[in-house]
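Take a look at the structure set out below.
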There are 2 protein chains.
Amino acid sequence: MIKYEMIANKIRERIQKGEYAEDTLIPDQVTLSKEFGVSRMTVKKAMDILAMEGLIFRKRGSGTYVKKNALLNSSDSNAMEYEGLTKQLSGYKVEGKAISFNVEFPDEKIREALQLEKNDPVYNIVRLRLVDGKPYVIEHTYFPTALVPGLTEEILNKSVYEFIHQNLGLSFGGAYRKIQAVKPSEYDKKYLACQENDPVLEVEQIVHLEDGTPFEYSRSRNRYDTRSYTIVDIQRRQK
Amino acid sequence: MIKYEMIANKIRERIQKGEYAEDTLIPDQVTLSKEFGVSRMTVKKAMDILAMEGLIFRKRGSGTYVKKNALLNSSDSNAMEYEGLTKQLSGYKVEGKAISFNVEFPDEKIREALQLEKNDPVYNIVRLRLVDGKPYVIEHTYFPTALVPGLTEEILNKSVYEFIHQNLGLSFGGAYRKIQAVKPSEYDKKYLACQENDPVLEVEQIVHLEDGTPFEYSRSRNRYDTRSYTIVDIQRRQK
DNA sequence: AAGTGGTCTAGACCACGTT
DNA sequence: ACGTGGTCTAGACCACTTG
(Lines give C-alpha, C1' and ligand atoms only; values in the text may rest on other atoms or scores of the structure.)
Protein backbone atom coordinates (compact mmCIF):
# COMPACT_ATOMS: atom_id res chain seq x y z
CA MET A 1 0.00 0.00 0.00
CA ILE A 2 2.59 2.51 1.09
CA LYS A 3 4.91 3.11 -1.83
CA TYR A 4 8.16 3.87 -0.04
CA GLU A 5 7.77 0.76 2.06
CA MET A 6 7.21 -1.42 -0.97
CA ILE A 7 10.24 0.05 -2.69
CA ALA A 8 12.35 -0.51 0.43
CA ASN A 9 11.18 -4.11 0.51
CA LYS A 10 12.15 -4.66 -3.12
CA ILE A 11 15.59 -3.14 -2.75
CA ARG A 12 16.17 -5.10 0.45
CA GLU A 13 15.26 -8.25 -1.42
CA ARG A 14 17.72 -7.46 -4.19
CA ILE A 15 20.47 -6.98 -1.65
CA GLN A 16 19.61 -10.25 0.06
CA LYS A 17 19.59 -12.09 -3.26
CA GLY A 18 22.93 -10.55 -4.22
CA GLU A 19 21.53 -8.65 -7.19
CA TYR A 20 23.02 -5.60 -5.55
CA ALA A 21 26.33 -6.92 -4.26
CA GLU A 22 27.96 -5.87 -1.00
CA ASP A 23 30.40 -3.01 -1.23
CA THR A 24 29.07 -1.80 -4.60
CA LEU A 25 26.94 1.09 -5.82
CA ILE A 26 23.24 0.66 -6.31
CA PRO A 27 21.37 2.65 -9.00
CA ASP A 28 20.96 6.34 -8.25
CA GLN A 29 17.71 7.82 -6.99
CA VAL A 30 16.68 9.28 -10.35
CA THR A 31 17.05 5.92 -12.06
CA LEU A 32 15.12 4.16 -9.33
CA SER A 33 12.34 6.73 -9.34
CA LYS A 34 11.90 6.09 -13.08
CA GLU A 35 11.97 2.32 -12.60
CA PHE A 36 9.28 2.41 -9.93
CA GLY A 37 7.34 5.25 -11.44
CA VAL A 38 7.49 7.46 -8.35
CA SER A 39 9.02 10.77 -7.41
CA ARG A 40 12.57 10.97 -6.17
CA MET A 41 11.41 11.99 -2.67
CA THR A 42 9.63 8.67 -2.37
CA VAL A 43 12.73 6.76 -3.41
CA LYS A 44 14.76 8.70 -0.87
CA LYS A 45 12.33 7.79 1.89
CA ALA A 46 12.73 4.12 1.00
CA MET A 47 16.51 4.56 1.16
CA ASP A 48 16.18 6.20 4.57
CA ILE A 49 14.62 3.00 5.87
CA LEU A 50 17.38 0.80 4.50
CA ALA A 51 20.02 3.13 5.91
CA MET A 52 18.37 2.89 9.35
CA GLU A 53 18.51 -0.87 9.01
CA GLY A 54 22.22 -0.71 8.34
CA LEU A 55 22.02 -2.20 4.85
CA ILE A 56 23.27 0.78 2.88
CA PHE A 57 25.20 4.00 3.39
CA ARG A 58 25.31 7.12 1.28
CA LYS A 59 27.98 9.56 0.26
CA ARG A 60 26.84 12.88 -1.05
CA GLY A 61 28.22 13.48 -4.51
CA SER A 62 29.21 9.86 -4.86
CA GLY A 63 26.27 7.49 -4.56
CA THR A 64 24.54 4.86 -2.46
CA TYR A 65 26.48 1.74 -1.50
CA VAL A 66 25.58 -1.62 -0.07
CA LYS A 67 27.47 -2.09 3.19
CA LYS A 68 29.99 -4.84 3.63
CA ASN A 69 28.45 -7.54 5.82
CA ALA A 70 25.03 -6.08 5.13
CA LEU A 71 23.62 -9.57 5.38
CA LEU A 72 25.26 -10.29 8.71
CA ASN A 73 23.98 -7.17 10.38
CA SER A 74 20.68 -7.26 8.63
CA SER A 75 18.73 -8.18 11.72
CA ASP A 76 15.90 -5.79 12.28
CA SER A 77 16.87 -2.21 12.83
CA ASN A 78 18.03 -1.71 16.37
CA ALA A 79 16.86 -5.16 17.31
CA MET A 80 17.75 -6.27 20.77
CA GLU A 81 17.28 -9.77 21.89
CA TYR A 82 18.26 -12.32 24.38
CA GLU A 83 20.44 -14.95 22.97
CA GLY A 84 21.70 -18.14 24.40
CA LEU A 85 20.69 -21.63 23.75
CA THR A 86 17.50 -19.82 22.83
CA LYS A 87 19.20 -19.49 19.46
CA GLN A 88 18.77 -23.08 18.42
CA LEU A 89 15.70 -23.50 20.51
CA SER A 90 13.32 -24.76 17.88
CA GLY A 91 13.69 -28.39 18.88
CA TYR A 92 13.48 -27.81 22.61
CA LYS A 93 10.54 -27.74 24.92
CA VAL A 94 10.00 -24.30 26.46
CA GLU A 95 7.89 -24.12 29.61
CA GLY A 96 6.70 -21.27 31.77
CA LYS A 97 5.72 -21.78 35.36
CA ALA A 98 4.10 -19.18 37.59
CA ILE A 99 5.65 -19.26 41.04
CA SER A 100 3.49 -16.55 42.51
CA PHE A 101 0.80 -14.08 41.49
CA ASN A 102 -0.24 -11.43 44.00
CA VAL A 103 -1.63 -7.96 44.37
CA GLU A 104 0.26 -5.69 46.74
CA PHE A 105 1.43 -2.17 47.52
CA PRO A 106 4.87 -1.73 45.99
CA ASP A 107 7.96 -0.47 47.76
CA GLU A 108 9.42 2.93 47.05
CA LYS A 109 11.73 1.83 44.26
CA ILE A 110 8.97 0.25 42.22
CA ARG A 111 6.60 3.09 42.99
CA GLU A 112 9.10 5.49 41.50
CA ALA A 113 9.80 3.32 38.47
CA LEU A 114 6.09 3.05 37.67
CA GLN A 115 5.32 6.63 38.78
CA LEU A 116 2.65 5.52 41.22
CA GLU A 117 1.06 7.16 44.23
CA LYS A 118 1.28 5.79 47.73
CA ASN A 119 -1.88 3.71 47.62
CA ASP A 120 -1.74 2.39 44.05
CA PRO A 121 -1.57 -1.42 44.03
CA VAL A 122 0.39 -3.53 41.57
CA TYR A 123 0.35 -7.09 40.37
CA ASN A 124 3.48 -8.88 41.50
CA ILE A 125 4.22 -11.88 39.35
CA VAL A 126 7.11 -14.29 39.59
CA ARG A 127 7.61 -16.70 36.74
CA LEU A 128 10.21 -19.33 36.06
CA ARG A 129 11.05 -20.33 32.51
CA LEU A 130 12.48 -23.69 31.73
CA VAL A 131 13.95 -25.03 28.51
CA ASP A 132 14.09 -28.75 28.06
CA GLY A 133 13.32 -29.15 31.73
CA LYS A 134 16.24 -26.98 32.85
CA PRO A 135 15.74 -23.61 34.53
CA TYR A 136 16.72 -20.57 32.48
CA VAL A 137 15.40 -17.40 33.95
CA ILE A 138 13.29 -16.04 36.78
CA GLU A 139 11.21 -13.00 35.93
CA HIS A 140 9.89 -10.69 38.63
CA THR A 141 7.25 -8.50 37.01
CA TYR A 142 5.08 -5.64 38.30
CA PHE A 143 2.11 -4.06 36.52
CA PRO A 144 -0.05 -1.28 37.96
CA THR A 145 -3.43 -2.90 38.46
CA ALA A 146 -5.09 0.26 37.17
CA LEU A 147 -3.51 -0.25 33.74
CA VAL A 148 -4.29 -3.94 33.36
CA PRO A 149 -7.77 -4.43 34.83
CA GLY A 150 -8.83 -8.03 34.89
CA LEU A 151 -5.45 -9.71 34.59
CA THR A 152 -5.70 -13.42 35.33
CA GLU A 153 -3.26 -16.25 35.65
CA GLU A 154 -4.67 -17.64 32.44
CA ILE A 155 -3.78 -14.52 30.47
CA LEU A 156 -0.31 -14.62 31.94
CA ASN A 157 0.29 -18.00 30.40
CA LYS A 158 -0.57 -16.66 26.98
CA SER A 159 0.70 -13.18 26.30
CA VAL A 160 0.12 -10.21 28.52
CA TYR A 161 1.26 -7.95 25.74
CA GLU A 162 -1.23 -9.24 23.26
CA PHE A 163 -3.99 -8.87 25.84
CA ILE A 164 -3.09 -5.26 26.38
CA HIS A 165 -2.96 -4.52 22.70
CA GLN A 166 -6.14 -6.36 21.78
CA ASN A 167 -8.38 -5.78 24.76
CA LEU A 168 -7.18 -2.45 26.05
CA GLY A 169 -6.14 -0.85 22.78
CA LEU A 170 -2.80 0.36 24.07
CA SER A 171 0.54 0.45 22.27
CA PHE A 172 4.10 0.44 23.48
CA GLY A 173 6.46 3.32 23.21
CA GLY A 174 9.80 1.99 24.29
CA ALA A 175 11.75 0.72 27.23
CA TYR A 176 14.56 1.56 29.58
CA ARG A 177 16.90 -1.29 30.46
CA LYS A 178 19.77 -1.77 32.84
CA ILE A 179 22.01 -4.80 32.68
CA GLN A 180 24.19 -5.96 35.52
CA ALA A 181 26.15 -8.91 36.76
CA VAL A 182 25.09 -9.84 40.28
CA LYS A 183 25.58 -12.53 42.88
CA PRO A 184 22.86 -15.14 43.22
CA SER A 185 20.09 -14.65 45.76
CA GLU A 186 18.53 -17.47 47.74
CA TYR A 187 15.71 -17.35 45.23
CA ASP A 188 18.13 -17.85 42.35
CA LYS A 189 19.81 -20.76 44.06
CA LYS A 190 16.50 -22.42 44.72
CA TYR A 191 14.84 -21.99 41.35
CA LEU A 192 17.70 -21.48 38.89
CA ALA A 193 19.81 -24.15 40.54
CA CYS A 194 22.70 -21.71 40.84
CA GLN A 195 25.81 -22.56 42.76
CA GLU A 196 27.09 -20.14 45.40
CA ASN A 197 29.69 -18.61 43.08
CA ASP A 198 27.70 -18.67 39.82
CA PRO A 199 27.09 -15.14 38.58
CA VAL A 200 23.60 -14.04 37.48
CA LEU A 201 22.81 -11.72 34.57
CA GLU A 202 20.11 -9.33 35.67
CA VAL A 203 18.09 -7.28 33.20
CA GLU A 204 16.04 -4.58 34.87
CA GLN A 205 13.44 -3.05 32.62
CA ILE A 206 10.82 -0.33 32.60
CA VAL A 207 8.43 -0.55 29.65
CA HIS A 208 6.37 2.48 28.62
CA LEU A 209 3.15 2.93 26.70
CA GLU A 210 3.05 5.10 23.63
CA ASP A 211 2.17 8.16 25.67
CA GLY A 212 5.04 7.65 28.08
CA THR A 213 3.14 6.06 30.97
CA PRO A 214 5.31 3.49 32.76
CA PHE A 215 3.55 0.21 32.41
CA GLU A 216 5.80 -2.63 33.48
CA TYR A 217 8.72 -2.94 35.81
CA SER A 218 10.58 -6.21 35.73
CA ARG A 219 13.79 -7.89 36.70
CA SER A 220 14.92 -10.95 34.79
CA ARG A 221 17.54 -13.03 36.49
CA ASN A 222 19.30 -15.28 34.02
CA ARG A 223 21.65 -18.21 34.47
CA TYR A 224 25.04 -16.92 33.35
CA ASP A 225 25.89 -19.96 31.26
CA THR A 226 22.86 -19.99 29.01
CA ARG A 227 21.88 -16.43 28.25
CA SER A 228 23.47 -13.25 27.00
CA TYR A 229 22.15 -9.93 25.81
CA THR A 230 22.95 -8.66 22.33
CA ILE A 231 22.54 -5.21 20.84
CA VAL A 232 22.84 -4.00 17.28
CA ASP A 233 23.66 -0.33 17.35
CA ILE A 234 23.39 1.45 14.01
CA GLN A 235 24.71 4.93 13.51
CA ARG A 236 21.84 7.08 12.38
CA ARG A 237 22.94 10.65 12.11
CA GLN A 238 26.19 11.64 10.49
CA LYS A 239 27.66 15.03 11.30
CA MET B 1 21.36 26.17 8.41
CA ILE B 2 19.12 23.19 7.90
CA LYS B 3 15.56 24.31 8.53
CA TYR B 4 14.00 21.13 9.90
CA GLU B 5 16.83 20.78 12.38
CA MET B 6 16.41 24.33 13.61
CA ILE B 7 12.69 23.84 14.01
CA ALA B 8 13.26 20.59 15.90
CA ASN B 9 15.67 22.42 18.19
CA LYS B 10 13.15 25.15 18.92
CA ILE B 11 10.32 22.77 19.66
CA ARG B 12 12.60 20.66 21.85
CA GLU B 13 13.53 23.77 23.77
CA ARG B 14 9.89 24.66 24.30
CA ILE B 15 9.23 21.20 25.67
CA GLN B 16 12.22 21.44 27.98
CA LYS B 17 11.12 24.83 29.23
CA GLY B 18 7.60 23.56 29.81
CA GLU B 19 6.03 25.90 27.25
CA TYR B 20 4.62 22.75 25.71
CA ALA B 21 3.64 20.75 28.79
CA GLU B 22 3.91 16.98 29.11
CA ASP B 23 0.84 15.02 28.13
CA THR B 24 -0.67 17.89 26.14
CA LEU B 25 -1.17 18.72 22.49
CA ILE B 26 1.30 20.92 20.67
CA PRO B 27 0.20 23.14 17.78
CA ASP B 28 -0.68 21.33 14.59
CA GLN B 29 1.65 21.15 11.63
CA VAL B 30 -0.17 23.78 9.57
CA THR B 31 0.03 26.29 12.41
CA LEU B 32 3.70 25.57 12.94
CA SER B 33 4.51 25.81 9.25
CA LYS B 34 2.96 29.29 9.25
CA GLU B 35 4.81 30.30 12.40
CA PHE B 36 8.18 29.26 10.98
CA GLY B 37 7.41 30.25 7.42
CA VAL B 38 8.13 26.85 5.92
CA SER B 39 6.18 24.13 4.18
CA ARG B 40 4.36 21.50 6.15
CA MET B 41 6.71 18.77 4.92
CA THR B 42 9.55 20.57 6.64
CA VAL B 43 7.63 20.78 9.90
CA LYS B 44 6.83 17.10 9.67
CA LYS B 45 10.51 16.25 9.23
CA ALA B 46 11.30 18.20 12.38
CA MET B 47 8.60 16.26 14.20
CA ASP B 48 10.06 12.99 12.94
CA ILE B 49 13.28 13.83 14.76
CA LEU B 50 11.52 14.59 18.03
CA ALA B 51 9.48 11.40 17.74
CA MET B 52 12.69 9.41 17.26
CA GLU B 53 14.04 11.05 20.38
CA GLY B 54 11.01 9.91 22.32
CA LEU B 55 9.80 13.41 23.16
CA ILE B 56 6.50 13.33 21.28
CA PHE B 57 4.06 10.88 19.78
CA ARG B 58 1.42 11.36 17.16
CA LYS B 59 -2.10 10.11 16.62
CA ARG B 60 -3.50 10.43 13.16
CA GLY B 61 -6.74 12.35 13.24
CA SER B 62 -6.01 13.65 16.71
CA GLY B 63 -2.77 15.57 16.95
CA THR B 64 0.79 15.62 18.28
CA TYR B 65 1.34 15.16 22.00
CA VAL B 66 4.26 15.66 24.34
CA LYS B 67 5.00 12.34 26.04
CA LYS B 68 4.71 11.90 29.77
CA ASN B 69 8.18 11.79 31.27
CA ALA B 70 9.56 13.31 28.09
CA LEU B 71 12.18 15.04 30.17
CA LEU B 72 13.24 11.86 31.94
CA ASN B 73 13.72 9.87 28.80
CA SER B 74 15.10 12.76 26.85
CA SER B 75 18.61 11.38 26.82
CA ASP B 76 19.93 11.24 23.29
CA SER B 77 17.98 9.01 20.99
CA ASN B 78 18.99 5.43 21.51
CA ALA B 79 21.85 6.44 23.71
CA MET B 80 23.69 3.63 25.38
CA GLU B 81 26.13 4.16 28.11
CA TYR B 82 27.93 2.59 30.93
CA GLU B 83 26.77 3.77 34.25
CA GLY B 84 28.08 3.19 37.69
CA LEU B 85 30.00 5.43 39.93
CA THR B 86 30.85 6.90 36.55
CA LYS B 87 27.61 8.78 37.08
CA GLN B 88 28.92 11.16 39.68
CA LEU B 89 32.44 10.90 38.39
CA SER B 90 33.18 14.57 37.91
CA GLY B 91 35.11 14.90 41.14
CA TYR B 92 37.09 11.69 40.79
CA LYS B 93 40.45 11.02 39.21
CA VAL B 94 40.19 8.74 36.19
CA GLU B 95 43.36 6.99 35.07
CA GLY B 96 44.16 4.69 32.20
CA LYS B 97 47.08 2.31 32.30
CA ALA B 98 48.34 0.24 29.38
CA ILE B 99 49.21 -3.25 30.57
CA SER B 100 50.39 -4.54 27.21
CA PHE B 101 50.63 -3.42 23.60
CA ASN B 102 51.61 -6.02 21.00
CA VAL B 103 51.28 -6.98 17.35
CA GLU B 104 50.27 -10.58 16.70
CA PHE B 105 48.37 -12.99 14.51
CA PRO B 106 44.89 -13.37 15.98
CA ASP B 107 43.16 -16.62 16.79
CA GLU B 108 40.22 -17.87 14.76
CA LYS B 109 37.52 -16.16 16.79
CA ILE B 110 39.03 -12.72 16.41
CA ARG B 111 39.89 -13.36 12.78
CA GLU B 112 36.25 -14.06 12.12
CA ALA B 113 35.01 -11.08 14.10
CA LEU B 114 37.31 -8.73 12.19
CA GLN B 115 36.89 -10.60 8.89
CA LEU B 116 40.64 -11.06 8.45
CA GLU B 117 42.71 -13.46 6.39
CA LYS B 118 45.08 -15.97 7.86
CA ASN B 119 48.18 -13.76 7.80
CA ASP B 120 46.66 -10.40 8.75
CA PRO B 121 48.20 -9.08 11.95
CA VAL B 122 46.37 -7.13 14.65
CA TYR B 123 47.27 -4.83 17.48
CA ASN B 124 46.48 -6.46 20.80
CA ILE B 125 46.06 -3.93 23.55
CA VAL B 126 45.20 -4.49 27.18
CA ARG B 127 44.31 -1.47 29.26
CA LEU B 128 43.24 -1.07 32.85
CA ARG B 129 41.08 1.86 33.88
CA LEU B 130 41.09 3.11 37.44
CA VAL B 131 38.85 5.61 39.15
CA ASP B 132 40.09 7.27 42.27
CA GLY B 133 42.85 4.71 42.42
CA LYS B 134 40.50 1.73 42.34
CA PRO B 135 40.33 -0.67 39.37
CA TYR B 136 37.17 -0.49 37.30
CA VAL B 137 37.55 -2.27 34.02
CA ILE B 138 40.03 -4.20 31.92
CA GLU B 139 39.71 -3.69 28.18
CA HIS B 140 41.13 -6.19 25.71
CA THR B 141 41.15 -4.51 22.31
CA TYR B 142 42.14 -5.68 18.83
CA PHE B 143 42.57 -3.49 15.73
CA PRO B 144 43.66 -4.76 12.32
CA THR B 145 47.05 -3.14 11.76
CA ALA B 146 46.10 -2.51 8.14
CA LEU B 147 43.30 -0.16 9.22
CA VAL B 148 45.26 1.83 11.79
CA PRO B 149 48.74 2.28 10.34
CA GLY B 150 51.10 3.98 12.72
CA LEU B 151 49.27 3.38 15.98
CA THR B 152 51.49 4.20 18.93
CA GLU B 153 51.17 3.94 22.66
CA GLU B 154 51.00 7.71 22.77
CA ILE B 155 47.92 7.82 20.56
CA LEU B 156 46.32 5.17 22.72
CA ASN B 157 46.53 7.41 25.73
CA LYS B 158 44.65 10.13 23.90
CA SER B 159 41.84 8.88 21.71
CA VAL B 160 42.18 6.22 19.08
CA TYR B 161 38.82 7.19 17.68
CA GLU B 162 39.77 10.79 17.17
CA PHE B 163 43.00 9.71 15.50
CA ILE B 164 41.08 7.57 13.06
CA HIS B 165 38.59 10.28 12.27
CA GLN B 166 41.14 13.09 11.94
CA ASN B 167 44.13 11.38 10.40
CA LEU B 168 42.57 8.59 8.43
CA GLY B 169 39.29 10.27 7.48
CA LEU B 170 37.15 7.33 8.44
CA SER B 171 33.72 7.35 10.12
CA PHE B 172 31.89 4.83 12.24
CA GLY B 173 28.81 2.98 11.19
CA GLY B 174 27.67 1.15 14.28
CA ALA B 175 28.50 -1.67 16.60
CA TYR B 176 27.45 -5.12 17.64
CA ARG B 177 27.53 -5.84 21.36
CA LYS B 178 27.05 -8.87 23.52
CA ILE B 179 26.72 -8.62 27.27
CA GLN B 180 27.27 -11.49 29.64
CA ALA B 181 27.86 -12.30 33.26
CA VAL B 182 30.97 -14.42 33.65
CA LYS B 183 33.25 -15.81 36.33
CA PRO B 184 36.48 -13.96 36.96
CA SER B 185 39.64 -15.05 35.17
CA GLU B 186 43.07 -15.01 36.76
CA TYR B 187 43.62 -11.74 34.90
CA ASP B 188 40.52 -10.23 36.48
CA LYS B 189 41.54 -11.33 39.94
CA LYS B 190 44.98 -9.85 39.50
CA TYR B 191 44.08 -6.49 37.99
CA LEU B 192 40.46 -5.88 39.00
CA ALA B 193 41.05 -7.20 42.50
CA CYS B 194 38.13 -9.57 42.12
CA GLN B 195 37.38 -12.22 44.69
CA GLU B 196 36.90 -15.80 43.58
CA ASN B 197 33.10 -15.56 43.63
CA ASP B 198 32.72 -11.99 42.37
CA PRO B 199 30.91 -11.96 39.03
CA VAL B 200 32.28 -9.94 36.10
CA LEU B 201 30.21 -8.01 33.56
CA GLU B 202 31.69 -8.63 30.13
CA VAL B 203 30.84 -6.45 27.14
CA GLU B 204 32.04 -7.92 23.88
CA GLN B 205 31.96 -5.49 21.02
CA ILE B 206 32.60 -5.33 17.29
CA VAL B 207 32.74 -1.78 15.92
CA HIS B 208 32.29 -1.14 12.21
CA LEU B 209 33.28 1.65 9.88
CA GLU B 210 30.67 3.45 7.83
CA ASP B 211 31.08 1.01 4.96
CA GLY B 212 30.65 -2.02 7.19
CA THR B 213 34.31 -3.00 7.60
CA PRO B 214 34.89 -4.48 11.06
CA PHE B 215 37.37 -2.24 12.74
CA GLU B 216 37.64 -3.07 16.41
CA TYR B 217 37.02 -6.15 18.48
CA SER B 218 37.10 -5.70 22.21
CA ARG B 219 36.10 -7.28 25.47
CA SER B 220 35.56 -5.07 28.50
CA ARG B 221 35.56 -6.86 31.80
CA ASN B 222 33.92 -4.76 34.48
CA ARG B 223 33.76 -5.12 38.23
CA TYR B 224 30.19 -6.12 39.01
CA ASP B 225 29.75 -3.66 41.84
CA THR B 226 30.66 -0.48 40.02
CA ARG B 227 29.35 -0.70 36.49
CA SER B 228 26.15 -1.50 34.67
CA TYR B 229 24.96 -1.13 31.11
CA THR B 230 21.91 0.94 30.29
CA ILE B 231 19.86 1.11 27.12
CA VAL B 232 17.12 3.47 26.06
CA ASP B 233 15.01 1.73 23.47
CA ILE B 234 12.51 3.93 21.65
CA GLN B 235 9.81 2.46 19.51
CA ARG B 236 10.22 3.84 16.02
CA ARG B 237 7.71 2.27 13.73
CA GLN B 238 4.07 1.80 14.65
CA LYS B 239 2.15 -0.76 12.69
C1' DA C 1 31.26 20.06 -15.85
C1' DA C 2 28.41 16.45 -14.76
C1' DG C 3 26.30 13.59 -11.59
C1' DT C 4 25.16 12.42 -6.98
C1' DG C 5 22.37 12.74 -2.63
C1' DG C 6 20.13 16.42 0.74
C1' DT C 7 16.76 19.94 1.38
C1' DC C 8 12.64 22.47 0.47
C1' DT C 9 8.28 23.96 -1.67
C1' DA C 10 3.16 24.36 -2.71
C1' DG C 11 -0.23 21.76 -3.31
C1' DA C 12 -2.89 17.43 -3.49
C1' DC C 13 -5.22 13.34 -1.74
C1' DC C 14 -5.90 9.93 1.90
C1' DA C 15 -6.88 7.59 6.62
C1' DC C 16 -8.29 8.44 10.82
C1' DG C 17 -10.49 10.76 15.23
C1' DT C 18 -13.27 14.02 17.05
C1' DT C 19 -17.36 16.60 16.90
C1' DA D 1 -18.21 17.59 8.44
C1' DC D 2 -14.02 19.02 9.86
C1' DG D 3 -9.32 18.89 11.40
C1' DT D 4 -5.46 16.09 12.14
C1' DG D 5 -1.20 13.70 10.61
C1' DG D 6 0.71 10.52 6.59
C1' DT D 7 1.89 10.09 1.85
C1' DC D 8 3.15 11.65 -2.65
C1' DT D 9 4.30 14.71 -6.56
C1' DA D 10 7.08 17.62 -9.88
C1' DG D 11 10.25 20.59 -9.76
C1' DA D 12 13.89 23.55 -7.77
C1' DC D 13 18.28 24.69 -5.63
C1' DC D 14 22.32 23.34 -2.97
C1' DA D 15 26.66 20.70 -1.30
C1' DC D 16 29.58 17.56 -2.51
C1' DT D 17 32.54 14.12 -5.23
C1' DT D 18 34.42 12.60 -9.28
C1' DG D 19 36.16 12.97 -13.90
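Within every chain, numbering begins at 1; the chains are lettered A, B, ... in the order of the sequence lines, protein sequences first and strands thereafter.
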Review point. Do any N or O atoms from the side chain of B/Gln180 and from the backbone of B/Glu202 form a donor-acceptor pair under 3.5 angstrom?
Key: no

Revision key, fill the gap. By nearest-nucleotide position on DNA chain D, the 5'-leaning member of A/Arg60 and A/Met1 is A/Met1

Exercise for review: Please determine if A/Arg58 and A/Asp48 form a salt bridge, counting it only when a charged side-chain N lies under 4.0 Å from a carboxylate O.
Suggested key: yes

Point to revise | Spacing between B/Leu25 atom CG and D/dG3 atom C1', to the nearest angstrom | key: 12 Å

Review point. Going by the angle between their ring planes, with limits at 30° and 60°, are A/Phe172 and A/Phe215 parallel, tilted or perpendicular?
Key: perpendicular

Practice item. Whole angstrom is fine here: how far is it from CD1 in B/Ile11 over to P in D/dG5? Key: 12 Å

Review point. Can you find a side chain N or O atom of B/Tyr4 that sits less than 4.0 Å from OP1 or OP2 on C/dC8?
Key: no

Check your understanding: Atom CE of B/Met6 and atom C1' of C/dT7: how far apart are they, to the nearest Å?
Key -> 14 Å

Check your understanding: For B/Lys3 and C/dT9, is the shortest distance between a side-chain N/O and OP1 or OP2 below 4.0 Å?
Key -> yes

Point to revise | Value in whole Å for how far the P atom of D/dG6 lies from CD1 of A/Ile2 | key: 11 Å

**Study point:** Distance, rounded to the nearest Å, where B/Leu50 contributes CG and D/dG5 contributes C1'
**Key:** 15 Å

Review point. When you measure from every atom of DNA chain C, which of residues 26-43 of chain B have a heavy atom less than 4.0 Å away?
Key: B/Gly37, B/Val38, B/Ser39, B/Arg40, B/Met41, B/Thr42

Study note, to complete from the structure: Of the candidates C/dT18, D/dT18, C/dG6, the side chain of A/Ser62 sits closest to D/dT18

**Study point:** Side-chain N or O of B/Lys45 closer than 4.0 Å to phosphate OP1/OP2 of C/dT7
**Key:** yes

Check your understanding: Can you check side chain to side chain donor-acceptor pair (under 3.5 Å) on B/Ser220 and B/Asn222, steps first, answer last?
Key -> CA-CA 6 Å; B/Ser220 299; B/Asn222 302 275; 5.2 Å; no

Point to revise | B/Lys10/B/Glu35 ion pair, N-O < 4.0 Å | key: no

**Study point:** side-chain N/O A/Arg58 vs C/dT4 OP1/OP2, d < 4.0 Å
**Key:** no

Point to revise | Integer-rounded Å distance: C/dT7 P and B/Ile49 CD1 | key: 9 Å

Review point. D/dT4 C1' sits how many Å from B/Lys44 NZ, rounded?
Key: 13 Å

Point to revise | Spacing between A/Phe57 atom CZ and C/dT4 atom P, to the nearest angstrom | key: 17 Å

Practice item. Check A/Glu216, A/Glu139, A/Arg219 against A/Gln205 for a side chain to side chain donor-acceptor pair (under 3.5 Å) and give me the one that passes. Key: A/Glu216

Point to revise | Pair A/Tyr176, A/Glu204: side-chain N/O donor-acceptor within cut-off below 3.5 Å | key: no

